[in-house]
Amino acid sequence: MSAPPCLWLTTLRRDGSPHTTPVWFVRDADVVWIATSRAAVKTRNLEHDPRVSLALDGTAADPTVGEGRAVVHDLSGPRGREAHAAVLAAFAERYDGWDAADPSRYGARVLVEVAVERWLLRPDA
């Protein structure tokens, strides 16, 4: 079974309240990569507090839920693209050629790297 196109990312606002949003992602073992805008609320939240929760397909028989810490990687300029070429290629393959680093629609782009520290539910373990 292939992974659904989105997972739910929960970040923490400055007041500690949760902010949950669906995101496109790629996964490599215990690391989840998310591409987003530098200006997104989730990015601002992560720069203040890197703790996150991830949930994948909670309506299926085998939901996946994890917790971890995020690192935000800037994609502006060629160095950002070069340093993350494999991750960007994985996004393009998974999402029909999508260029996750393209700033033309939402401005400057970042990659969010989430190292999952604890799997709460993991059917493929």
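Taking each heavy atom of Tyr106 and Ser37 in turn, the nearest pair found is O-OG, 3.2 Å. For the residue pair Lys42 and Leu9, the shortest heavy atom distance occurs at CD-CD2, 3.8 Å. Heavy-atom minimum distance, Cys6 versus Leu56: O-CD1, 3.4 Å. Shortest non-hydrogen contact noted between Arg13 and Pro18 is NH1-O, 2.6 Å. Nearest approach of Val112 to Ala70, heavy atoms of both residues: CG1-CB, 3.7 Å. Shortest non-hydrogen contact noted between Asp74 and Val110 is CA-CG1, 4.2 Å.
Within the 4.5 Å cutoff, the side chain of Arg69 has no heavy atoms near those of the Val71 side chain.
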Worked verdict on Leu120 versus Glu67 for side-chain contact (heavy atoms from CB on, under 4.5 Å): CA-CA 8 Å; Leu120 303 173; Glu67 299 174 338; 3.7 Å; yes
Trace of the salt bridge (charged side-chain N to carboxylate O under 4.0 Å, His left out) decision for Arg51 with Asp49: CA-CA 6 Å; Arg51 294 176 296 164; Asp49 188 333; 2.8 Å; yes
Stepwise salt bridge (charged side-chain N to carboxylate O under 4.0 Å, His left out) test for Arg38 and Glu47: CA-CA 10 Å; Arg38 158 79 47 213; Glu47 289 172 338; 2.2 Å; yes
Test log, rule side-chain contact (heavy atoms from CB on, under 4.5 Å), inputs Thr10 and Val52: CA-CA 6 Å; Thr10 301; Val52 300; over 6 Å; no
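Side-chain atoms of Tyr95 do not come within 3.5 Å of backbone N or O of Ala90 as any donor-acceptor pair.
Results of the side chain to side chain contact (heavy atoms under 4.5 Å, CB included) test with Leu54 over Val116, Val65, Thr64 single out Val116 as the only residue that passes.
Figure legend: Arg94 and Phe25 shown as a cation-pi pair, the cationic atom lying under 6.0 angstrom from the six-membered ring centre and within 45 degrees of its axis.
A salt bridge links Arg81 and Asp99; the closest N-O separation between the charged side-chain nitrogens and carboxylate oxygens is under 4.0 Å.
Trp119 and Val31 fall within a single hydrophobic cluster, where Ile, Leu, Val, Met, Phe, Trp and Tyr side chains are chained together by heavy-atom contacts under 4.5 Å. A chain of hydrophobic side-chain contacts below 4.5 Å, direct or via other Ile, Leu, Val, Met, Phe, Trp or Tyr residues, connects Val87 to Trp24.
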